[in-house]
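When reading the values below, keep in mind they use all heavy atoms of this one structure, side chains included, and skip hydrogens, waters and symmetry mates.
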Amino acid sequence: MYRRIITPLLLCCLILPAMADEVKLQDHHPDRYVVVKGDTLWGISGRFLKDPWQWPKVWKMNQDQIKNPHWIYPGDVVVLDTSSGSPELRLLRETIASQTLTLEPGIRTENLEGEAIPTISPNIITPFLSQPLIIESEALKDAPSIIAGPENRVVLSPGARVYVDKIAEGESVLWNIYRPGKTYVDPETKAVLGTEAIYLGDARITKYGEPASGTIVSAKEEIFANDKLVAAPDNPQTNFIPRAPETEVKGRILSIYGGVAEAGKNTIIAISRGETDSLEKGHVLAINRTGRVIKNPKYDKKNKDASAEPENIKLPSERIGLAMVFRTFDKVSYALIMQATEPVNVLDIVETP
């Protein structure tokens, strides 16, 4: 299946309202870059800009383009233009066969399955686009349940027939299997943010009824009777434009994935802010380490009443990394650490850069 794309010579862009000094260029940035397979939007942006989340500021991007950024392909040429005094990135499209610039509007035929350049490497975040799941604390109670499996079998493995309640005819065929996991609590307000459901595997419904019957098609962990089913999502969004939130957002890191105590680049984290805090997929947050409290070396303990110096001094917070949000729930989000100058820990601060 093919599509026809109208490709003018120059898809020029206006930067969003911003002062020139807000966008900082890399010291040894290229004037142009030819996009190749395997590139990411974050990586291309980082070739030109010190702050990759400022990417939309140097392109003419409306909200539809930001939410559907499948528009840069291998063979396209990204050109930096500073003639106006403010950096602007422009997109040229070359005729790959002749390696010459198209001099007038033309038509390009392209395979629909040809991949646009993703924001980040999809293999890192793919498992987290549909699992695990953040839900209201009591939401799984009313979800369909596995009520029985094959006789005399406790652990249900791929290929096993299962019987499920509360699934009506016409509902989804493919279901994810979950079990309630950790409860997330805001470390500052102590409010319950939600429960993380542990993804166990997948089941396919083969016959509707009460109960319905189906088959376990995959298992990541052991599956038992009473485990819950949630309809599998349809084609989750996998590409986003990195950008700073439009509002001030400040939260904490709730957990680190991968069985590690400290996180670094390409590690997935859960943070204590979500859609109710105006967070969106693609939003970039700074990771800050709270400054520690030290003993004031000038404090005179013997003469503390007369001393003008405080006993303790709190050092300022320091930025130690950047994270990009790729999946949001009401009060919690998943983010990928894009940069880290120090190990990242649970309870480190995330906020608008």
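Although no hydrogens or angles enter the test, the distance criterion places a donor-acceptor pair under 3.5 Å between the side chain of S45 and the main chain of P52. A donor-acceptor pair is defined here as one N or O able to donate and one able to accept, closer than 3.5 Å; such a pair exists between the side chain of R327 and the backbone of L129. Under a 3.5 Å cut-off, the side chain of R47 and the backbone N or O of H29 do not form any donor-acceptor pair. At distances below 3.5 Å, not a single donor-acceptor pair connects side-chain atoms of D51 with backbone N or O atoms of W53. With hydrogens and angles ignored, the 3.5 Å screen pairs no side-chain donor or acceptor of T215 with any backbone N or O of V217. A donor-acceptor pair under 3.5 Å is formed between the side chain of R252 and the backbone N or O of L347. Side-chain atoms of Y208 come within 3.5 Å of backbone atoms of E171 as a donor-acceptor pair (strictly under, hydrogens ignored). Between the side chain of S272 and the main chain of K331, no donor-acceptor pair closer than 3.5 Å is present. Using a distance-only test at 3.5 Å, with no hydrogens or angles considered, no donor-acceptor pair links the side chain of D348 to the main chain of R289. E196 places no side-chain N or O within donor-acceptor distance of the main-chain N or O of P180, the cut-off being under 3.5 Å.
Around NZ of K182, the count of heavy atoms belonging to other residues, nucleotides or ligands within 6.0 Å exceeds 12. No more than 12 heavy atoms of other residues, nucleotides or ligands shown are found within 6.0 angstrom of OH on Y163. Around CG of N226, the count of heavy atoms belonging to other residues, nucleotides or ligands within 6.0 Å does not exceed 12. In D31, the CG atom is not crowded: 12 or fewer heavy atoms of neighbouring residues, nucleotides or ligands sit closer than 6.0 Å. Residue-environment remark: CD (E318) stays at or below the threshold of 12 foreign heavy atoms within 6.0 Å. Atom NZ of K250 has 12 or fewer neighbouring heavy atoms from other residues, nucleotides or ligands inside a 6.0 Å radius.
Counting heavy atoms from C-beta outward, N312 and I294 have side chains that stay 4.5 Å or more apart. Annotation: side chain of L336 is not in contact with side chain of T267 (no heavy-atom distance under 4.5 Å). Counting heavy atoms from C-beta on, the side chains of T352 and T247 never come closer than 4.5 Å. In this structure the side chain of S121 reaches within 4.5 angstrom of the side chain of T40, judged on heavy atoms. The shortest distance between side-chain heavy atoms of I256 and V346 falls below 4.5 Å. A 4.5 Å side-chain heavy-atom check between F48 and P87 finds every atom pair outside the cut-off.
Contact check on R273 versus D330 returns no salt bridge, with no Lys/Arg side-chain nitrogen under 4.0 Å from an Asp/Glu carboxylate oxygen. The existence of a salt bridge linking R153 and E151 is excluded, since no basic side-chain nitrogen approaches an acidic carboxylate oxygen closer than 4.0 Å. Between R243 and E280, at least one side-chain nitrogen of the basic residue sits less than 4.0 Å from a carboxylate oxygen of the acidic one, meeting the salt-bridge criterion. Salt-bridge formation is not detected for the pair K220/D202: no Lys NZ or Arg NE/NH1/NH2 atom is positioned less than 4.0 Å from an Asp or Glu carboxylate oxygen.
Residue I205 holds its CD1 atom at 8.5 Å from OG of S172, rounded to the nearest 0.5 Å. Once rounded to the nearest 0.5 Å, the distance linking CG of D165 with CD1 of I146 reads 10.0 Å. For the atom pair K298 NZ and I313 CD1, the distance stands at 8.0 Å (nearest 0.5 Å). With values rounded to the nearest 0.5 angstrom, Y184 atom OH is found 10.0 Å from L193 atom CG. Note that OG1 of T341 and CG of L322 are 9.0 Å apart. Values are rounded to the nearest 0.5 Å. Summarising the geometry, atom OG belonging to S278 is positioned 8.5 Å from atom NE2 belonging to H283; distances are rounded to the nearest 0.5 Å.
Heavy atoms only, all atoms of each residue included: P150 and L156 are closest at CD-CD2, 3.7 Å. Residues P211 and I147 approach most closely at CB-CD1, 3.6 Å, considering heavy atoms. Heavy-atom minimum distance, E222 versus R179: O-NH2, 3.0 Å. Here the closest heavy-atom approach between residue I216 and residue S157 is recorded as CB-O, 3.5 Å. What you find for L285 and P245 is that their closest heavy atoms are CD2-CG, 3.7 Å. Considering all non-hydrogen atoms of both residues, A323 and I287 come closest at CB-CD1, 4.0 Å.
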Worksheet item: Would I124 and T126 count as a side-chain contact (heavy atoms from CB on, under 4.5 Å) if you check the C-alpha gap in whole Å, the side-chain angles of each, and the deciding distance to 0.1 Å?
Response: CA-CA 6 Å; I124 300 174; T126 295; over 6 Å; no
Discussion item. Could you go through Y178 and I198, starting from their C-alpha distance and side-chain angles, then the distance that decides it, and tell me whether this counts as side-chain contact (heavy atoms from CB on, under 4.5 Å)?
Written reply: CA-CA 5 Å; Y178 289 98; I198 302 170; 5.8 Å; no
Fill in: K207 vs S213, side-chain hydrogen bond (donor to acceptor under 3.5 Å, both in side chains): CA-CA, chis, key distance, verdict
CA-CA 5 Å; K207 184 178 180 181; S213 58; over 6 Å; no
Practice prompt. Dump the intermediate steps for side-chain contact (heavy atoms from CB on, under 4.5 Å) on L140 and V230, then the final yes or no.
Written response: CA-CA 9 Å; L140 277 186; V230 176; 4.1 Å; yes
Discussion item. Applying side-chain hydrogen bond (donor to acceptor under 3.5 Å, both in side chains) to N288 and S317, what does each step give before you reach the verdict?
Written reply: CA-CA 6 Å; N288 293 331; S317 298; over 6 Å; no
Discussion item. Using the rule given for side-chain contact (heavy atoms from CB on, under 4.5 Å), can you reason through Y33 versus I44, listing the C-alpha separation, both sets of side-chain angles and the distance that settles it, and then say yes or no?
Written reply: CA-CA 8 Å; Y33 176 73; I44 295 172; 4.1 Å; yes
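Connection of M338 to V284 is established within a shared hydrophobic cluster, with ILVMFWY side chains joined at heavy-atom distances below 4.5 Å, either directly or through further cluster members. Put simply, I320 and I253 are part of the same group of oily side chains (I, L, V, M, F, W, Y) that touch within less than 4.5 Å, one to the next. Using a 4.5 Å cut-off between side-chain heavy atoms of Ile, Leu, Val, Met, Phe, Trp and Tyr, with links allowed through other members, F224 and I177 fall into different hydrophobic clusters. Follow the hydrophobic side-chain contacts under 4.5 Å out from I337 and you never reach W42; the two are in separate clusters. No continuous path of hydrophobic side-chain contacts links F329 to V249 [ILVMFWY only; heavy atoms under 4.5 Å].
Side-chain contact of K228 with S145: a donor-acceptor pair under 3.5 Å is present, judged by distance alone.
The side chain to side chain contact (heavy atoms under 4.5 Å, CB included) test with I271 is passed by exactly one of L279, L254, V332: L279.
Taking the six-membered ring for Trp, Y257 and Y334 have ring centres closer than 6.0 Å.
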